[in-house]
Amino acid sequence: MDAGSQNRPSKMLINRRTLLAMIPLSDRAIFNMEKRGDFPRRIVLTSRNVAWDLAEVEDWIEARKRTDDQARRPGFTAASR
């Protein structure tokens, strides 16, 4: 645990703007990943406002760092290298 996370409240929610600043994907891409269960689910705060649990988003980022997934390029397969 780093020094910054020790000073943070135990549960912190982030809004869409903060999420999109952290994750360089489009809002639609994140929505689709949520629907597939590949990204933390948003929390509905009001009928017009949603948020994400910061700890879940940070865990997702760390999990993505540990994965061996490679970006797929159209027309290229592992055998064509």
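All residue numbers in this chain count up from 1 along the given sequence.
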### Query
Mind checking whether F39 and W52 have side chains closer than 4.5 Å, heavy atoms only?
yes

### Task
Please round to the nearest 0.5 Å and tell me the distance separating atom CD1 of I30 and atom CD of E34.
7.5 Å

### Task
Apply the test side chain to side chain contact (heavy atoms under 4.5 Å, CB included) to residues M22 and I61: give CA-CA distance (whole Å), side-chain angles for both, the deciding distance (0.1 Å), then the verdict.
CA-CA 9 Å; M22 293 174 65; I61 292 170; 4.0 Å; yes

### Query
Once you round to the nearest 0.5 Å, how far does CG of L19 lie from CG of L13?
12.0 Å

### Message
With side chain to side chain contact (heavy atoms under 4.5 Å, CB included) as the criterion, how do L25 and M33 come out once you've worked through the C-alpha distance, each side chain's angles and the decisive distance to 0.1 Å?
### Response
CA-CA 10 Å; L25 294 172; M33 291 169 60; 3.7 Å; yes

#### Entry: Min side-chain heavy-atom separation R41-E56 under 4.5 Å
no

### Query
Which atoms form the tightest heavy-atom contact between T46 and V44, and what is the distance?
O-CG1, 3.3 Å

### Query
Is V50 linked to M12 within one hydrophobic cluster, defined over Ile, Leu, Val, Met, Phe, Trp and Tyr using a side-chain heavy-atom separation of less than 4.5 Å?
yes

### Task
Could you tell me whether a side-chain N or O of W60 sits under 3.5 Å from a main-chain N or O of D38, the two making a donor and an acceptor?
yes

### Message
Take a 6.0 Å sphere around CZ of R36 and say whether it holds more than 12 heavy atoms from other residues, nucleotides or ligands.
### Response
yes

### Query
Are I43 and I14 connected in a single hydrophobic cluster, I mean Ile/Leu/Val/Met/Phe/Trp/Tyr linked by side-chain heavy atoms less than 4.5 Å apart?
no

